[in-house]
Amino acid sequence: MAEEKVSSEKNTKKTEKTVSKDLDYIKSKITKHENFPKEGVLFYDIFPALRDSKCLDMIITRLLSHIYDEFGNKVDVICGLDSRGFLFGTVLSLRMGIAFVPIRKKGKLPGKCISLKSTKEYGSDVLEIQSDAILPGQSVILVDDLLATGGTLNSSVQLIQFLNATVLECIVIIELLQLKGRDKVPSSVFSLLSF
Ligand SMILES: O=P(O)(O)OC[C@H]1O[C@H](OP(=O)(O)OP(=O)(O)O)[C@H](O)[C@@H]1O
Ligand SMILES: Nc1ncnc2[nH]cnc12
């Protein structure tokens, strides 16, 4: 029998075959909706995956495995994007025992903030981060549910860089390949699933 490679995560070893089965399972839970929230947009809904706690566990396990393989214990902060990025970012930060910091849409965060406009597949926003949330020199991973045109992650990476911190990587569950969003993101991008 061919030897199967193993990928390492803190206390967990999974074969490539199991990983691929898990990814197929997660993919099967993502639903698509035509013309939502606007005419011409094919919307990928992550929420059905969260109705299934086994599926959420697989998502988090896979992301942790990737993070520990790539960055070991070098990550200081998980930064989650408003709002679906919060769902995954907070769980990752809890499991890693490190800080969670949100990037929010304008007007939601108190205190001194820095802001930047961003455009996305179906609209535009102004994104904000609290100025004292991340210290100069800290190493940050950005987390969101989905990469479409890349506008949201592009602006988010810039916000972190304005604070003189380092973006190690942007992590998303879903990447929409046709929109070539990763070309717009000024950091490396890891996606769990692509469509
Ligand atoms: O790659 P882009 O074209 O920039 O699009 C991706 C962004 O669009 C969605 O956010 P949305 O603003 O709809 O927020 P939500 O999570 O609050 O629904 C998604 O969660 C990403 O943040
Ligand atoms: N097609 C899409 N589906 C879900 N969320 C999105 N955010 C931007 N584009 C999206």
Side-chain angles (χ1 to χ4, degrees), residues 23 26-52 55-56 58-60 62-63 66-67 77-94 100-110 113-130 133-134 140-163 165 167-195:
L23 292 178
I26 300 164
K27 203 165 192 174
S28 75
K29 297 285 173 178
I30 311 293
T31 57
K32 297 176 199 167
H33 299 265
E34 285 177 8
N35 302 317
F36 182 86
K38 276 187 177 166
E39 195 69 25
V41 175
L42 179 61
F43 189 87
Y44 289 74
D45 187 11
I46 192 103
F47 284 113
L50 301 189
R51 290 177 205 151
D52 176 347
C55 189
L56 175 60
M58 283 176 187
I59 293 172
I60 297 300
R62 295 274 38 86
L63 295 183
H66 167 76
I67 292 169
V77 176
I78 296 288
C79 179
L81 306 197
D82 191 351
S83 64
R84 285 172 266 159
F86 297 168
L87 303 168
F88 305 98
T90 47
V91 180
L92 289 174
S93 72
L94 179 69
F100 174 82
V101 169
I103 286 182
R104 295 217 64 184
K105 285 156 193 162
K106 192 173 173 59
K108 302 285 185 182
L109 290 171
C113 292
I114 55 168
S115 318
L116 195 59
K117 194 168 185 279
S118 76
T119 54
K120 62 187 168 194
E121 191 183 8
Y122 42 71
S124 62
D125 303 294
V126 174
L127 302 179
E128 292 193 327
I129 189 167
Q130 287 166 315
I134 299 176
V140 180
I141 286 183
L142 281 164
V143 178
D144 206 355
D145 67 321
L146 182 140
L147 170 64
T149 64
T152 305
L153 277 176
N154 174 34
S155 298
S156 300
V157 168
Q158 290 187 57
L159 282 175
I160 306 289
Q161 290 172 343
F162 287 152
L163 296 179
V167 176
L168 295 175
E169 186 165 69
C170 295
I171 292 182
V172 294
I173 318 300
I174 301 168
E175 176 176 7
L176 306 185
L177 291 175
Q178 269 194 328
L179 295 174
K180 299 186 184 338
R182 68 168 57 223
D183 296 349
K184 218 194 267 179
V185 183
S187 87
S188 81
V189 174
F190 172 78
S191 58
L192 203 56
L193 305 172
S194 49
F195 288 87

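In listed order, ligands and their atoms are each counted from 1.
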Relative to the heavy atoms of [X], which atoms of ligand 1 are at a distance of less than 4.0 Å?
{"X": "T152", "result": "2 (P), 4 (O), 5 (O), 6 (C), 7 (C), 22 (O)"}
{"X": "D145", "result": "19 (C), 20 (O)"}
{"X": "Y122", "result": "8 (O), 9 (C), 11 (P), 13 (O)"}
{"X": "T119", "result": "4 (O)"}
{"X": "E121", "result": "3 (O)"}
{"X": "T149", "result": "1 (O), 2 (P), 3 (O), 4 (O)"}
{"X": "L146", "result": "6 (C), 21 (C)"}
{"X": "D82", "result": "14 (O), 16 (O), 17 (O)"}

Sequence neighbours excluded, the answer for side-chain contact (heavy atoms from CB on, under 4.5 Å) partners of S191 is V172, E175, R182

In plain terms, say whether D52 and K29 are close enough for a salt bridge, that is, a side-chain N and a carboxylate O under 4.0 Å apart.
->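 Judged by the 4.0 Å cut-off on N to carboxylate O distance, D52 and K29 do form a salt bridge.
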
Nearest to [atom], what protein heavy atom do you find, and at what distance?
{"atom": "atom 22 (O) of ligand 1", "answer": "D144 OD2, 2.5 Å"}
{"atom": "atom 17 (O) of ligand 1", "answer": "S83 OG, 2.7 Å"}
{"atom": "atom 12 (O) of ligand 1", "answer": "K120 NZ, 2.5 Å"}
{"atom": "atom 10 (O) of ligand 1", "answer": "R84 NH2, 3.7 Å"}
{"atom": "atom 14 (O) of ligand 1", "answer": "K105 NZ, 2.9 Å"}

Worksheet item: Does G150 have a non-hydrogen atom less than 4.0 Å from ligand 1?
Response: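 Checking ligand 1 against G150, which is what was asked, there is a heavy-atom contact under 4.0 Å.
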
Within the structure, is a non-hydrogen atom of N154 found at a distance of less than 4.0 Å from ligand 1?
no

Straight-line distance of T119 OG1 to K184 NZ, nearest 0.5 Å =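 Nearest 0.5 Å value for the OG1-NZ distance: 4.5 Å.
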
Exercise. Any N or O of L153 that comes nearer than 3.5 Å to an N or O of ligand 1?
Worked result: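 Checking ligand 1 against L153, no N or O pair falls under 3.5 Å apart.
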
* Any side-chain donor near an acceptor of the partner, S188 and E169, under 3.5 Å -> yes

Validation row: [X], [Y] side chains within 4.5 angstrom (heavy atoms):
{"X": "F162", "Y": "L116", "result": "yes"}
{"X": "I103", "Y": "I160", "result": "yes"}
{"X": "L176", "Y": "E121", "result": "yes"}
{"X": "D144", "Y": "F88", "result": "no"}
{"X": "Q130", "Y": "P110", "result": "yes"}

Review point. Nearest heavy-atom pair of S118 and G151: which atoms, and what distance?
Key: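 Looking at all heavy atoms of both residues, the shortest contact is CB-O, 3.8 Å.
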
| said: Ignoring hydrogens, what is the shortest heavy-atom contact between G150 and V185? Give both atom names and the distance. | reply: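 Looking at all heavy atoms of both residues, the closest pair is O-CG2, 4.1 Å.
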
Quiz item: Is the backbone of K105 close enough, under 3.5 Å, to the side chain of D82 for a donor and an acceptor to pair up by distance?
Solution: yes

Using 30° and 60° as the class limits, which term best fits the ring planes of F43 and F36: parallel, tilted or perpendicular? perpendicular

Member of D145, L127, L146, L142 meeting the side chain to side chain contact (heavy atoms under 4.5 Å, CB included) criterion with L81 =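 The passing option is L142.
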
N/O contact list for ligand 2, threshold under 3.5 Å:
| residue | atom | partner | partner atom | Å |
| --- | --- | --- | --- | --- |
| ligand 2 | 1 (N) | L42 | O | 2.8 |
| ligand 2 | 1 (N) | E121 | OE1 | 2.9 |
| ligand 2 | 3 (N) | Y44 | N | 2.9 |
| ligand 2 | 5 (N) | R84 | NH1 | 3.3 |
| ligand 2 | 7 (N) | Y122 | OH | 3.1 |
| ligand 2 | 9 (N) | E121 | OE1 | 2.6 |

